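Each remark here refers to the structure printed beneath this line.
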Amino acid sequence: MSDEIKHECGLAYIRLRKPFSYYLQKHGAVTYGLNKLYLLMEKQHNRGQDGAGLAAVKLNTEPGNPFLSRMRSNAQQPIADLFFKIGQEIAELEKYQPDIKLHPGLMKGHLPFLGELLLGHLRYGTQGKNNVEFCHPFIKRDLMPGKNLALAGNFNLVNTDELFDLINMDPGVFQKQSDLAAMLEVLHHFLSQEDEQHPNAADIIKVLKKSTPLFDGGYTIGGLLGNGFSFVMRDAHGIRPAYYYINDEVIVAASERAAIRTTFNVGENEVLELMPGMALIVDDAGNYKLEQILEPKERRACSFERIYFSRGSDEKIYRERIALGHHLSKTVLENINYDLKNTIFSYIPNTAEVAFYGLVKGMEEYLNKIKVERILSWGNEFTPEKLEEMVTRKIRQEKIAIKDVKLRTFITEDANRNEMVQHVYDITYGTVRPNEDTLVVIDDSIVRGTTLKESIVRMLARLKPKKVVVVSSAPQIRYPDCYGIDMSKLGDFIAFRAATALLKERNMEHVLTELQEKIKEMQRNNQLHLENVVRHVYKPFTTQEISDKIAQLITPVELEGQFNVEVIYQTIEDLHDSCPTNTGDWYFTGNYPTPGGNKVVNKAFLNYMEGKNVRGY
């Protein structure tokens, strides 16, 4: 993704099912669980680089000794920072007891994070706040172990204000800014009620069944209770991902299947998907059960997971990204008039590499078909040289752009800052024949178009191509997300700006004011959740018309007329064909899985019309 967006936090959960002495004897380390948690978090570091945190619960502690510990970091490398600090604690213990790691009981007693229950989290700050206080897990403490709760998750909720009202709570300034704070208070509210009836033995299934129906959003959450119970749960639509693995030593859950496979060296079929509305619940003895907490609704798993967010090392995701690129090959061939001889293919940025392979595969299939047809048409009239020239023809592929490390500048003047932004990407000179070659570059998605205009297109212009075709393996992003991705302001989207520009060009600006009045009326009647009115902004235009306008918008004014820039987007149909299990497409279609989505998009439109640069939720 050439436009950086923040998204998709990551969850890592481990429950050790054996005594620490077992892991020391079999795996050679009393810190086996912590070691695995570190790997599980590092293998998901793509999901969050703004901060990280972990919590640990120790079983069977004596009264007066701490049983719940938590640490969080917003350092530049937060995962490494957390585990470096734990390493320092171990080193300090070894100063006085060099062989302490050979004594599991002593280690458990002296090392705060050597617990049987471990919960890790990686954070991308979708609210733009990167204070360490916003890093998960959040905790609620109590003298009664069973009322202590550590909670972390991958989610956004759109009804936090209503949640506080439901439990008659007046939230503080910090709590108002955090979805997790609202979720924690609701869960703890029902946990406390259940604990009153069953002291230190609350039924976590009842707690989840009372609290989670109140949450409007997409989520995967993990929780540790001070009495040794724990859970991982997924929303009813399966919007956010969750996977788990269980053997006689550990119970593991994470946001990505590949992370579990790599960390524990297990096969694909051994790591299972936690299904929508389901909770994995583990008791204080390490016994587990899968419980249907919410009735599963229409599956709307986030398609962006497959396009961009999740690591491509998962074999299914890899194949799906290949398919996304392959589906675009016919449209690209038509665009370049089947002129492969004078076309160079590349990708920007690196996350689009797998889709690029799929696009090239489609080109190779066409080229091989042409080779066969040409050779057959020759009959016996060919020379070895002629045959060799045909057989060895290849698709022209080049590494056109290289992303430099993030450039920082003290320059604040806009003109000079834009000059610096251009150099986020560098180009490979000598790869393009000036004024002859068409350059096709694939990106996994185009959100704002800012990097394309200010950096990529300007840099590609230096190669003097005849034409630049920007290909997106995702469809046009038209609507805000409110379930975990930092795409909340309509005015940021290049597709929305293209549609509004077309309305102005065709003297149809009244459409915008009419929609504004309709949404205000809906707001007065408390009906914002009933319909996505913003769809009407796009209704007068074809997808191609919007793509053509986007191509104009991402072309710097000073480059107009020097070469053509064209944009090709994935179709919704081909997206679903490529990613059949992840059908969540609301940011493309406006078809939100929960009523809160309609409310968010309508509020986002009002914010745009009123010039408010704030989120719609």
Side-chain angles (χ1 to χ4, degrees), residues 9 11 13 55 57 68 117 119 121 136-142 144-172 175-176 178-240 242 253 274-283 288-297 482-484 593-596 617:
C9 298
L11 193 71
Y13 162 89
V57 169
L68 170 60
L117 286 71
L119 183 64
H121 185 264
H136 303 195
F138 283 14
I139 57 175
K140 291 285 283 188
R141 293 193 183 275
D142 195 276
M144 185 70 73
K147 290 174 70 175
N148 285 261
L149 175 62
L151 190 69
N154 167 18
F155 63 90
N156 265 138
L157 301 180
V158 297
N159 65 332
T160 52
D161 292 339
E162 293 92 330
L163 290 176
F164 288 120
D165 292 339
L166 286 169
I167 59 173
N168 298 314
M169 179 180 174
D170 183 18
Q175 290 163 319
K176 287 180 179 179
S178 170
D179 298 2
L180 180 61
M183 184 179 276
L184 178 69
E185 293 296 344
V186 171
L187 280 165
H188 196 261
H189 172 79
F190 289 107
L191 177 63
S192 298
Q193 288 184 352
E194 182 66 20
D195 188 81
E196 288 177 7
Q197 299 179 33
H198 308 283
N200 210 36
D203 186 341
I204 193 63
I205 294 174
K206 288 183 180 179
V207 173
L208 292 173
K209 285 189 174 182
K210 289 178 181 177
S211 56
T212 56
L214 306 176
F215 303 150
D216 188 335
Y219 54 85
T220 291
I221 52 174
L224 309 181
L225 274 65
N227 61 0
F229 281 72
S230 56
F231 64 90
V232 175
M233 184 180 167
R234 193 178 184 193
D235 67 86
H237 288 283
I239 295 172
R240 300 274 68 86
L274 187 63
M275 302 309 289
M278 190 82 74
L280 169 64
I281 296 171
V282 186
D283 67 16
Y288 74 93
K289 57 183 169 182
L290 294 166
E291 187 74 24
Q292 193 71 54
I293 303 297
L294 297 173
E295 182 180 346
K297 299 180 181 179
C482 53
Y483 305 118
T594 74
Y617 61 99

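Being a predicted model, the structure only gives us computed values, none of them experimental.
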For [X] against [Y], the heavy-atom pair lying closest together:
X: D195; Y: A202; value: N-CB, 4.1 Å
X: F155; Y: G218; value: CB-O, 2.9 Å
X: H237; Y: P593; value: NE2-O, 3.0 Å
X: L117; Y: L224; value: O-CD1, 3.9 Å
X: G596; Y: V158; value: CA-CG2, 3.5 Å

Are the side chain of [X] and the backbone of [Y] linked by a donor-acceptor contact shorter than 3.5 Å?
X: Q292; Y: P276; result: yes
X: N200; Y: G146; result: yes
X: E162; Y: F164; result: no
X: R141; Y: L68; result: yes
X: E194; Y: L191; result: no

Min side-chain heavy-atom separation [X]-[Y] under 4.5 Å:
X: L208; Y: M233; value: yes
X: V186; Y: F215; value: yes
X: V282; Y: F229; value: no
X: L11; Y: I221; value: no
X: M275; Y: P296; value: no

(request) Could you list the residues that satisfy ring pair (Phe, Tyr, Trp, His ring centres under 6.0 Å) with F138, not counting sequence neighbours? (result)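 F138 satisfies ring pair (Phe, Tyr, Trp, His ring centres under 6.0 Å) with H136, F174 once adjacent residues are dropped.
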
What distance do [X] atom [atom1] and [Y] atom [atom2] have between them, rounded to the nearest 0.5 Å?
X: S211; Y: I204; atom1: OG; atom2: CD1; value: 7.5 Å
X: M183; Y: L151; atom1: CE; atom2: CG; value: 7.0 Å
X: I239; Y: Y483; atom1: CD1; atom2: OH; value: 5.5 Å
X: Q175; Y: T160; atom1: CD; atom2: OG1; value: 11.0 Å
X: C9; Y: L180; atom1: SG; atom2: CG; value: 9.5 Å
X: L225; Y: K147; atom1: CG; atom2: NZ; value: 12.0 Å

(request) Please determine, by modelled atom types, if D142 and N148 share a side-chain donor-acceptor pair under 3.5 angstrom. (result)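 Checked: D142/N148 side chains show no N/O donor-acceptor pair below 3.5 Å.
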
(request) Sequence neighbours left out, what pairs pass side chain to side chain donor-acceptor pair (under 3.5 Å) with at least one residue falling in residues 217-230? (result)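 Listed once each, the pairs are Y13-S230.
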
Of all pairs that satisfy salt bridge (charged side-chain N to carboxylate O under 4.0 Å, His left out), the ones with a partner from [range], not counting sequence neighbours:
range: residues 199-222; answer: K209-E291
range: residues 223-235; answer: R234-E273
range: residues 220-231; answer: none

(request) Answer yes or no: does atom OH of Y288 have more than 12 heavy-atom neighbours from other residues, nucleotides or ligands under 6.0 Å? (result)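 Not buried by this count: 12 neighbours or fewer within 6.0 Å.
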
(request) Mind checking side chain to side chain donor-acceptor pair (under 3.5 Å) for K140 and listing every partner two or more places apart, or none if nothing turns up? (result)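 Checked K140 against side chain to side chain donor-acceptor pair (under 3.5 Å); matches are E185.
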
